[in-house]
Novice: 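Shown below is the structure under consideration.
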Amino acid sequence: MTTTLASTVTIADIVVPGPFQAPLSYCLPPSGEVLPGQRVRVPLRKKTVVGLVTGKRQVSEEEAGRLKPVEAILDEEPLVGASLLAIADWISRYYLYDAHSAYLLALPATLRNGDAAALAEEEQVALTVAGEHLEPGQLKGERQQQALSWLQAHGPGTPSELRSQGIQRPHWQGLVKKRLARTEAASASPRTPVGELKQPPLPLNDDQQAALDALRIGQFNALLLEGITGSGKTEVYLQAMASVLNAGQRVLVLVPEIGLTPQTLARFQQRFGDKLVALHSGLNDRQRHNAWLRAKTGEAAIVLGTRSAVMTPIPDLGLIVVDEEHDSSFKQQDTLRYHARDVAIYRARQSGIPVILGSATPSLESLHNAQSGRYRHARLQQRAQGHRLDRLETIDMRRQQHQDGLSERLVHRVRQHLDSGNQVLLFLNRRGYAPSWFCTACGWMADCPFCDARLTYHRSRHMTLCHHCGYQARPETTCPDCGSHELMPLGAGTERAEEALGQLFGDVPIIRFDRDAITSAKTLDAQLSRTQEAGPAILVGTQMLAKGHHFDRVTLVGILDMDAGLFSADFRAREKMGQLLIQVAGRAGRGERAGEVVLQSWHPDHPFFEPLLNQDYASFAQQLLTERERSGLPPFGYLACLRSDSAYPKRAEQWLGEMAERLLATGEVRVFGPLPAILSRRAGKHRFILLVQCQSRARLHAVLEPLVRDYPRQHRQVSWHLDIDPIDLM
Ligand code: ADP
Ligand code: ZN
Ligand code: ZN
């Protein structure tokens with residue numbers, strides 16, 4: 001009975017770029033120690049890459065002898081603390097994705113690339129007095145003219161901002177040589193509204209006070225704060241934040257992608273001054289680098305950011321706020337498909353701190369957690385300021401003259417409101433709901449002959465298809481009910497409506513809010529201030545308009561078409577549609593004037609609309625929860641979506657078919673599909689989807705894990721991915 005006391009050696013686990021499920025092992029450099037959270041340079045294949053140390057282990061000398069050594073240590077201190085490393089590890093396991101991607105969520109691009117973790121000097125290009133007064137036409141080069149006029153119109157810009165405008169370094173350097181411009185140090189801190197004082201807290205109303213009292217500081221608890229737009233949720237956040245800051249702790253605030261407007265930022269700055277940094281997609285790499293360092297060193301007391309900010313290192317974090325928690329932009333839709341709200345809740349639990357989830361229209365997941373007692377639930381019943389809304393009015397499209405998706409009645413109402421000097425907001429729902437094939441004369445819709453389900457229209461093949469049984473048919477060209485030939489996919493009229501508006505109200509400014517008109521925080525800013533300054537005007541837009549912007553002068557909200565959500569094969573479509581409807585309606589009457597909301601529909605008496613028209617989100621959500629419970633769908637069951645893409649549709653479908661068999665053989669899960677995705681062709685590839693459903697999260701993970709392990713992401717001319725807790729099923 002002799003045990004050989006083989007001497008052991010310390011080695012490091014290090015995440016490196018690449019499709020590796022777990023960290024790789026390296027032996028320590030001869031020079032010494034590495035610490036978890038430090039960046040290092042390590043050899044990988046024939047290259048040297050930047051990696052992040054995630055942990056250390058003891059192994060036998062023999063095993064260590066087979067490992068390559070760390071080449072260099074990049075940081076003196078760990079950049080990422082132990083608790084964030086643990087969260088990254090959880091993300092990688094939970095979403096079944098490369099460890100590397102999960103860990104690197106915690107670092108900005110500059111640090112991933114190996115830049116020094118020190119504040120970077122920022123440079124910006126500004127005009128000299130001569131440059132400000134020179135007529136661009138007097139310059140020779142067209143490029144330099146362009147650079148000059150951009151700087152004259154927009155003020156100083158960083159080189160990367162200029163590049164995004166098509167202005168390259170040689171062009172603005174030409175101006176510098178001519179002494180028309182110079183470079184100067186730029187501030188990385190967020191734009192601070194000038195002349196505004198720190199604003200004292202408002203006296204809370206009873207509902208707000210009750211909400212604040214429901215939150216326990218210094219321990220993990222989740223508070224679902226439900227209240228319509230304008231009910232004072234933000235004031236509750238601000239006061240909860242104040243008490244955490246007073247205790248010397250820091251706060252992380254997450255907002256949806258397009259929620260971090262200058263308006264939002266200004267509100268936090270008015271209360272807390274410049275103690276905050278903002279992390280959003282409008283920052284260039286260097287600004288993001290600096291903002292990240294200010295968060296990490298604790299110089300910033302508040303970090304306000306979008307999805308990826310959830311993994312920012314923040315010392316002494318005391319509270320996380322997730323605003324508009326139901327918003328689908330918290331879910332990343334490619335590569336590592338994590339949900340920032342869910343990561344935030346996990347982070348709060350690991351850190352033993354409270355998290356507030358705020359929304360006018362909470363997700364069914366959060367409502368369910370509140371109802372089952374896992375979260376506390378506070379409701380703000382009244383608008384803190386401003387007018388109440390009356391019942392929404394519906395316009396029955398079957399009984400109206402209409403053209404290009406605009407009913408006579410709606411046009412009439414728009415005119416009335418404009419004539420009284422007000423602004424009107426028209427909402428176009430272009431979101432990719434599975435569209436039905438329908439008759440614009442009578443509202444008839446194509447049904448599956450075999451199932452109690454609507455057919456879904458697939459534009460790429462010009463086919464209607466049943467998502468339950470797979471039945472396919474060419475879309476009808478003549479309506480079987482009324483004989484009309486005006487058939488089209490539901491919702492397709494809305495884009496034309498936008499054009500038609502211009503012709504109907506030619507003299508009235510039409511201000512657009514959608515992905516085409518708004519490409520950056522700057523253009524959003526510009527459209528918002530245009531709206532502020534305009535007299536009577538029509539604001540036209542998509543989801544973007546439904547979010548937290550304040551439009552004081554809007555008195556009429558018109559919703560052109562929300563019917564597509566009624567019959568979609570995507571079970572989440574109804575939830576999203578109801579949330580959108582409530583959010584859009586909330587845009588009316590926020591200022592001194594009363595608001596009205598009208599909704600055009602082909603199915604105005606659909607029972608689904610009833611609670612929504614009364615702005616009763618609670619009953620609406622209850623209806624959906626009952627349905628979901630019956631069918632074992634989230635939040636009562638767990639889902640994953642497998643998607644495959646291939647240039648060869650047969651292969652993509654076949655591969656998912658094999659996966660389906662393999663999954664079914666476990667006897668643990670139900671599968672639906674494979675079905676072609678709604679947008680079944682993208683970039684020349686055909687996409688198929690397979691839904692996997694299970695009543696236990698652990699069992700779902702257990703059957704999916706081997707797939708990720710056994711099949712490379714590119715496989716027999718098929719590329720595939722797995723989406724845990726999918727938000728978009730199409
Ligand atoms: P939400 O975040 O729910 O949309 P806000 O917090 O933005 O609501 O509040 C809407 C408006 O009401 C804001 O102008 C805010 O300053 C004001 N407000 C909020 N709470 C109070 C309060 N207790 N007393 C007076 N005004 C308030
Ligand atoms: Zn018809
Ligand atoms: Zn069918």
Side-chain angles (χ1 to χ4, degrees), residues 199-212 224-241 253 255-256 259 261 263-264 266-268 270-271 321-325 356-362 378-388 397-398 436-456 463-473 475-488 490 546-552 567 569 582-583 585-587 589-592 602-603 617 672-673 675:
Q199 180 201 58
L202 301 168
L204 297 180
N205 66 32
D206 291 349
D207 283 349
Q208 288 174 317
Q209 189 61 51
L212 194 60
L224 176 60
L225 180 59
E226 180 176 0
I228 57 166
T229 314
S231 61
K233 295 186 294 296
T234 308
E235 187 60 34
V236 175
Y237 306 154
L238 292 171
Q239 300 205 15
M241 289 165 68
V253 183
V255 296
T261 61
Q263 286 174 338
T264 314
R267 247 187 112 183
F268 285 85
Q270 278 162 23
R271 189 66 58 88
V321 176
V322 184
D323 189 28
E324 312 278 0
E325 65 87 26
I356 306 180
L357 309 174
S359 176
T361 53
R379 285 192 196 83
L380 307 181
Q381 309 276 8
Q382 251 113 51
R383 281 202 177 185
Q385 265 183 0
H387 290 266
R388 284 186 48 81
M397 291 299 274
R398 293 167 306 189
S436 309
W437 186 252
F438 101 120
C439 167
T440 59
C442 75
W444 170 87
M445 272 188 239
D447 283 323
C448 175
F450 304 109
C451 308
D452 184 17
R454 308 278 173 183
L455 296 181
T456 296
M463 288 294 267
T464 47
L465 205 137
C466 174
H467 271 237
H468 298 265
C469 71
Y471 168 82
Q472 303 195 15
E476 305 276 355
T477 50
T478 310
C479 173
D481 277 8
C482 77
S484 158
H485 298 296
E486 305 284 306
L487 287 93
M488 61 158 103
L490 201 60
K547 312 291 163 153
H549 313 302
H550 298 236
F551 298 110
D552 287 349
F567 308 107
I582 299 262
Q583 303 257 340
R587 301 296 109 205
R590 300 205 53 177
E592 294 306 306
W602 295 89
H603 306 271
Y617 182 73
F672 303 90
L675 285 167

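When a ligand or atom number is given, it counts from 1 through the structure's own listing order.
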Novice: Considering Gly232, Gly227, Pro201, Pro203 one by one, which has a heavy atom nearer to atom 9 (O) of ligand 1 than any of the others?
Specialist: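 Of the listed residues, Gly232 has the closest heavy atom.
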
Novice: Near Glu235, which atoms of ligand 1 are under 4.0 Å from a heavy atom of that residue?
Specialist: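 Near Glu235, meaning under 4.0 Å from one of its heavy atoms, ligand 1 has 6 (O), 19 (C), 20 (N).
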
Novice: Which of the atoms in ligand 1, numbered in the order shown and given with their element, are less than 4.0 Å from a heavy-atom of Leu204?
Specialist: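 Contacts of ligand 1 toward Leu204, numbered from 1: 23 (N).
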
Novice: Could you tell me whether Ile228 approaches ligand 1 through its side chain, its backbone, both or neither, with non-hydrogen atoms closer than 4.0 Å?
Specialist: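 Backbone only.
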
Novice: In Å and rounded to the nearest 0.5 Å, what is the CG to CD distance from Leu357 to Glu226?
Specialist: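 Answer for the CG-CD pair, Leu357 versus Glu226, is 11.5 Å.
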
Novice: With the Zn ion (ligand 2) at the apex, how many degrees lie between SG of Cys482 and SG of Cys479, rounded to 10 degrees?
Specialist: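 It is 110°, given to the nearest 10°.
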
Novice: Mark up the atoms of ligand 1 that fall under 4.0 Å of a heavy atom belonging to Ser231, in ascending order.
Specialist: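 Result: 3 (O), 8 (O).
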
Novice: Other residues, nucleotides and ligands only: do more than 12 of their heavy atoms fall within 6.0 Å of CD on Glu486?
Specialist: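 No, CD of Glu486 has 12 or fewer neighbouring heavy atoms, counting only those of other groups under 6.0 Å.
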
Novice: To the nearest 10 degrees, how large is the angle at the Zn ion (ligand 2) between Cys439 SG and Cys442 SG?
Specialist: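 If I round to 10°, I get 110°.
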
Novice: With a 4.0 Å cut-off, would you call Asp207 and Arg379 a salt bridge?
Specialist: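 Arg379 and Asp207: not salt-bridged.
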
Novice: What part of Thr234, side chain from CB on, backbone N/CA/C/O, both or neither, has a heavy atom under 4.0 Å from ligand 1?
Specialist: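 The answer is both.
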
Novice: Starting at OG1 of Thr464, measure out to CZ of Phe438 and round the result to the nearest 0.5 Å.
Specialist: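 It is 15.0 Å, given to the nearest 0.5 Å.
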
Novice: For atom 7 (O) of ligand 1, which candidate among Gln239, Gln209, Arg267 provides the closest heavy atom?
Specialist: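 Going through Gln239, Gln209, Arg267 one by one, Arg267 has the nearest heavy atom to atom 7 (O) of ligand 1.
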
Novice: Could you go through the side-chain hydrogen bond (donor to acceptor under 3.5 Å, both in side chains) check for Gln381 and Ser231 one step at a time?
Specialist: CA-CA 7 Å; Gln381 309 276 8; Ser231 61; over 6 Å; no

Novice: What closest approach, in Å, do Val236 and Leu212 show between heavy atoms, and which atom pair accounts for it?
Specialist: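 Where Val236 meets Leu212 most closely, the heavy atoms are O-CD1, 4.0 Å.
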
Novice: Using 4.0 Å as the upper bound for N to carboxylate O, is an ion pair formed by Glu235 and Arg271?
Specialist: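 A salt bridge links Arg271 with Glu235.
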
